[in-house]
Q: 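Just dropping this structure here.
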Amino acid sequence: MDDGYDIQAIERKWQQHWRDAATYQVENDDPRPKYYVLSMYPYPSGPAHMGHVRNYTFGDLIVRYRTMNGYGVLTPIGFDSFGLPAENAAIKTGEHPRTFTDARIEELSNSLQRIGATYDWRRVVKSHDPNYIRWTQWIFLQFLKAGLVYRAKAAVNWCPGCQTVLANEQVLSDGTCERSGDLVEKRELEQWFFKITQYAQQLLDDLDQLDWPERVITMQRNWIGRSEGAQFEMQVADADGRTTGETFAVYTTRPDTSFGMTFCVLAPEHELVDVITTPEHRDEVAAFVDRVRKSTEIERLSSETGLDKRGVFTGAYAINPFNEQPVPIYLADYVLTTYGTGAIMAVPGQDQRDWDFATTYDLPIIRTVQPPEDFDGEAYVGDGPAINSEWLDGLHKTDAIAKAIEWLEERGIGKRTVNYRLRDWLLSRQRFWGCPIPIVYCPDHGAVPVPEEELPVVAPDDVEFRPTGESPLRFHEGFLHTTCPLCGGPAVRETDTMDTFVDSSWYFLRFCDPWNADMPFSKSAVERWMPVDQYIGGVEHAILHLMYARFFTKALADLDIAPADLREPFARLFTQGMIRLGGGKMSKSKGNLVSPDDYCDTVGADALRLFVLFMGPPADDVDWNDKGMEGTSRFLHRVWRLAEPSSDAVPAATGDAIEEVDRAAHRLIVRVTDEFDRWSYNTAVAAFMEFTNLLYKRGQTQFAVDTLLQLLAPMAPHVTAELWARRHDGDHVHERSWPVADKAMAAVEQVTMIVQVNGKVRAKLEVTPDVDVAEAERLALESVSIGGEPKRVIAKPPKLVNIVV
RNA sequence: GCGGACGUGGUGGAAUCAGGUAGACACGCCAGCUUGAGGUGCUGGUCCGGGCAACCGGGUGGAGGUUCAAAUCCUCUCGUCCGCACCA
């Protein structure tokens, strides 16, 4: 329809304007109160997809809304530009990952601008920029100095086909490599780690101060997995109960059940295995250990494999310190060397897995907690009085645990212990397209940090990408060979690069001060902007990224690099739902992308933004379906014909309609402001539609239409900017302040009061909002005939009166 | 197995936070006007059953419960989705 609404021209014009006029640039000494809005920086995968549109529309509307509310808003954008796809593309096409990545960044930047998202483009940060690499490496070295980085052997996922380590996420559920299809194995390799476990307790405690979705907090809490219990020493003994001198520690959350211990289990990797295994069991144990080592994590953790194949007797015994009785020591693959002490005491009476094992291997079962009379299960894990436990008998769980720990501590055998499921963060990746780890290896001095003044260590350009998946750095003589910073002798560089999660663990700090050439950021700039007031991103980052970034922030603060009191990076987090296509996850790897650019070419960015907001609650996953796009597009045309000065589609309101419409405008301000603050954008769009429908029915006023445009400006920025400029002599709606409602005008004059009889609606009365209880009751009783005296009348004026007969 | 979320018309969803008219708003569909036709635009209708109508009865996965009043709170149950998963 030709209503003069030239979508493409208008959107181009205003996007140009915001950029030229630097509307959304902000200086660090801006006098306004600060507000830091951040959408998780994207991996540059090419043109934006619908997930981006959703994410960056939320961010952009908050930026515009907060700006209209008088804040100096920091709205940066950057690119998580290291990562596997660029490297895989390089292997396939020979194109250098940087060339490839820069092209994808260009495409993504363009489509972000096409949806009208505004940023302070001077502050762009890219992970692969040498200026950023330099400071990522510098931070790594500070952590190394502080003892937060160490090198250790670790079992990693190794793909024999790709000749490289894989992240857990790259191993499919059948234990094969997602790229080559080869069966992934475990290998012991020297790897670099961040000591995130040192912060486990703080990471847990500080969750309380965050305004984050409950489920994300729960996920983090479970991931950290704090458990309280006791650790104590066990003496190794022979078949006759004579101690051999070796000891090992076990960890348990139920020391109160120790009298029920009928065997012990060590992890197959436990250091004592070779020492304690008796000659007659040696072959069997060796075969078992070998098989476990070769099996994948998946197989190992699978409960499919029969228990009879999952354990083996060592021939050795251990003395239960509680009753001095010897119990057999087994190995089992389900005992993990990475948790607790890698050894457990087994109490089949109180633990189902121990029960199953005992049954399979024909080991005794002793109950140490009295189950309730109606209990018909096997192991009983609930509370009850202790039995068969000498001096613990009769005590309930909490008291029994306390007494057992006290007993262990008095004798110096064991102590109260806290354990965490959280593991240290393995940051080494055998990859090219990542931030190089700034270390050289000297035959005499071992691993030596690259001197800070030599940073950044940047990967060379003249490399050959091999289809084997091996990092080209390993074969680049110029990069590999260097000299030791300590002795000047020949040395080789570390060829592993950092996990890309390292890059994303501090980029939000760099945004505060991206120009800094002397430091990763100045404390004062970070003090000015941090913490992020509103962080926006997908739930898929609920654990890893959000945990790592919290760890980095705490560590940087403790190292006096960031302000000491900056304990948390993201004060408020919003996790948006995913946009799915046909029920599946929408992602670049599945290729099922719907292009936002196509919609920008037709209905325009404003209609697309509005539709994505209108689709459903922001936190919910949605299946993509553009059926409703007609609705938001039609709505914007209706707004255009309503507000465009030369349009006569909607006549001016007359008589009573003037006040009615203006009052509705004031109520709209109240409603929309509330809904913006509650992230109820879908209902806010509905409110705009309702209001527009009212103006079409009752006629327009200048105030009503101007208010609509102002309130709609954060969501549909282009059309509102154009209409406002036409109505107000070139003025800019996004530079106006957010409207404030007149209380008296916003108050409703008439309320529909429901009259119920026994909870069923029997009448609807129009009353004033200040009607009192007596009057409400009187009106209600008048309006319905109930035949006799009511038993009871519940009046909740002005909304409802319920008459009980 | 443990933890969490969700279940409402033909469809997306609103009302759930704070118990108080269930179905806002939109898509779709139906009708009228507009138009040369189609489309666009404008107006009206659209949970189910009964009734010409006013109205009456039923209705938020299922079964109970609390309450004057339950989509909303509680218990159980079924289903869907997500996270963690042999964590001692």
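The structure presented is a predicted model; accordingly, all values stated were derived computationally and were not measured. Naming: A, B, ... by sequence-line order, numbering from 1 per chain.
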Q: I want to check one thing: is the phosphate of B:A5, taken as OP1 and OP2, less than 4.0 Å away from some side-chain N or O of A:Arg215?
A: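 A:Arg215 to B:A5 OP1/OP2: no side-chain N or O under 4.0 Å.
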Q: How far, in whole Å, is B:U67 from B:C73 if one measures between their C1' atoms?
A: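 One C1' to the other, the span is 10 Å.
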Q: Using the side-chain heavy atoms of A:Leu800, tell me which of these nucleotides is nearest: B:C25, B:G20, B:G41.
A: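 Selected nucleotide: B:G20.
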Q: Specify the separation, in whole Å, of atom CZ of A:Phe635 and atom P of B:U40.
A: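 So the CZ-P distance, A:Phe635 to B:U40, works out to 19 Å.
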Q: Considering only atom C1', compute the distance from B:A18 to B:A69 and round it to an integer number of Å.
A: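 Their C1' atoms lie roughly 16 Å apart.
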Q: In whole angstrom, what separates A:Phe614's CZ from B:C25's C1'?
A: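 These atoms are roughly 5 Å apart.
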Q: Can you check the distance between B:C78 and B:A71, where both ends of the measurement are the P atom (answer in whole Å)?
A: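 B:C78 and B:A71 have their P atoms separated by 23 Å.
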Q: Could you measure between the two C1' atoms, the one in B:G20 and the one in B:A70, and give it in whole Å?
A: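 Each nucleotide's C1' atom is 10 Å from the other's.
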Q: When you compare B:U72 with B:A22, how far apart are their P atoms, in angstrom units rounded to a whole number?
A: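 Looking at atom P only, B:U72 and B:A22 are 14 Å apart.
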Q: Can you confirm whether A:Glu271 is buried at CD, in the sense that more than 12 heavy atoms of other residues, nucleotides or ligands lie under 6.0 Å from that atom?
A: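 Count not over threshold, so no.
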Q: Going by purine N1 to pyrimidine N3 plus the second Watson-Crick contact, or the G-U wobble pair, all under 3.5 Å, which nucleotide sits opposite B:U67?
A: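 B:U67 is paired with nothing.
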Q: When the C1' atoms of B:C47 and B:U60 are compared, how many Å lie between them, rounded to an integer?
A: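 B:U60 and B:C47 have their C1' atoms separated by 11 Å.
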Q: Just checking, any donor-acceptor pair under 3.5 angstrom between side chains of A:Thr683 and A:Glu675?
A: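 Yes, side-chain donor-acceptor contact under 3.5 Å.
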Q: Considering Watson-Crick and G-U wobble pairs with both distances under 3.5 Å, what does B:U72 pair with?
A: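 The answer is none; no pair meets the criterion.
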Q: Of the candidate nucleotides B:G20, B:A24, B:C42, which contains the atom at the shortest distance from the side chain of A:Arg638?
A: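 So the side chain of A:Arg638 is nearest to B:C42.
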Q: Starting the side chain at C-beta, find the nucleotide from B:U21, B:C27, B:C87 nearest to A:Lys627.
A: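 Nearest listed nucleotide: B:C27.
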Q: Any base atoms under 4.0 Å from A:Asn693, or only sugar-phosphate, or nothing? Heavy atoms, all strands.
A: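 It contacts sugar-phosphate atoms only.
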Q: Scan A:Asn682 against the nucleic acid and name what it touches under 4.0 Å (heavy atoms): base, sugar-phosphate only, or nothing.
A: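 Sugar-phosphate, backbone atoms only, no base.
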Q: When both hydrogen-bonding distances must be under 3.5 Å and the geometry is Watson-Crick or G-U wobble, what is B:G1 paired with, if anything?
A: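 When the pairing criteria are applied, B:C84 turns out to be the nucleotide that pairs with B:G1.
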Q: Give the nucleotide from the list B:G20, B:A14, B:A88 with an atom nearest to the side chain of A:Ile794.
A: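 Closest nucleotide among those given: B:G20.
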Q: Which is true for A:Thr752 with a 4.0 Å heavy-atom rule: it touches a base, it touches only sugar-phosphate, or it touches nothing?
A: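 Base contact.
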Q: Going by distance alone, is a donor N or O of one side chain under 3.5 Å from an acceptor N or O of the other, for A:Arg792 and A:Asn802?
A: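 No, no side-chain donor-acceptor contact under 3.5 Å.
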Q: Please confirm whether A:Phe263 and A:Phe357 have ring centers closer than 6.0 angstrom.
A: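 Judged by ring-centre distance (under 6.0 Å), A:Phe263 and A:Phe357 do meet the cut-off.
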Q: A:Lys764 side chain: which of B:G13, B:C68, B:U21 is closest?
A: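 My answer, after comparing the listed nucleotides, is B:U21.
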Q: Aromatic contact between A:Phe313 and A:Tyr361, with the criterion being ring centroids under 6.0 Å apart: yes or no?
A: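 Judged by ring-centre distance (under 6.0 Å), A:Phe313 and A:Tyr361 do not meet the cut-off.
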Q: Which value, in whole Å, describes the distance between the C1' atoms of nucleotides B:G79 and B:G28?
A: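 Straight-line distance between the two C1' atoms is 27 Å.
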Q: For A:Asn802 and for A:Ser680, locate the closest nucleotide of RNA chain B by heavy-atom distance; then report the residue assigned to the nucleotide nearer the 5' terminus.
A: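 Its nearest nucleotide being more 5', the pick is A:Ser680.
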Q: Rounded to whole Å, please give me the gap between CD in A:Glu214 and P in B:C82.
A: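 Distance, rounded to whole Å: 21 Å.
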Q: Looking at every strand, decide which applies to A:Arg762 at a 4.0 Å heavy-atom threshold: base, sugar-phosphate, or nothing.
A: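 Sugar-phosphate contact only.
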Q: Please work out whether B:G50 sits syn or anti, treating a glycosidic angle within 90° of 0 as syn.
A: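 B:G50: anti.
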Q: Please give the nucleotide sitting opposite B:G49 as a Watson-Crick or G-U wobble pair, both distances under 3.5 Å, or none.
A: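 Pair assignment: B:G49 / B:C56.
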Q: Please check if any side-chain donor atom of A:Thr57 sits under 3.5 Å from a side-chain acceptor atom of A:Tyr681, or the reverse.
A: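 No, because no side-chain N or O of A:Thr57 sits under 3.5 Å from a partner of the opposite role on A:Tyr681.
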Q: For B:G7, which nucleotide is its Watson-Crick or G-U wobble mate, given both distances must be under 3.5 Å?
A: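 The answer is B:C78, by the H-bond criterion.
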Q: When we call it a touch if two heavy atoms are under 4.0 Å apart, what does A:Tyr420 touch: a base, just sugar-phosphate, or nothing?
A: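 The answer is nothing, as A:Tyr420 stays clear of every strand by at least 4.0 Å.
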Q: Quick one about A:Thr253 and A:Glu228 (side-chain donor to acceptor, distance below 3.5 Å, no hydrogens or angles considered), yes or no?
A: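 Distance-only check fails for A:Glu228 and A:Thr253.
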Q: Strictly by Watson-Crick or wobble contacts shorter than 3.5 Å, is anything paired with B:A18, and which nucleotide is it?
A: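 When the pairing criteria are applied, nothing turns out to pair with B:A18, so the answer is none.
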Q: Remember a base hit wins even if backbone is also touched, and classify A:Lys760 as base, sugar-phosphate or nothing at under 4.0 Å, heavy atoms.
A: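 Result for A:Lys760 = sugar-phosphate.
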Q: For B:G59 and B:C6, measure between their P atoms and round to the nearest Å.
A: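 Rounded to whole Å, the distance is 24 Å.
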Q: What does B:U35 pair with, Watson-Crick or G-U, if both distances are under 3.5 Å?
A: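 In the structure as shown, B:U35 has no Watson-Crick or wobble partner.
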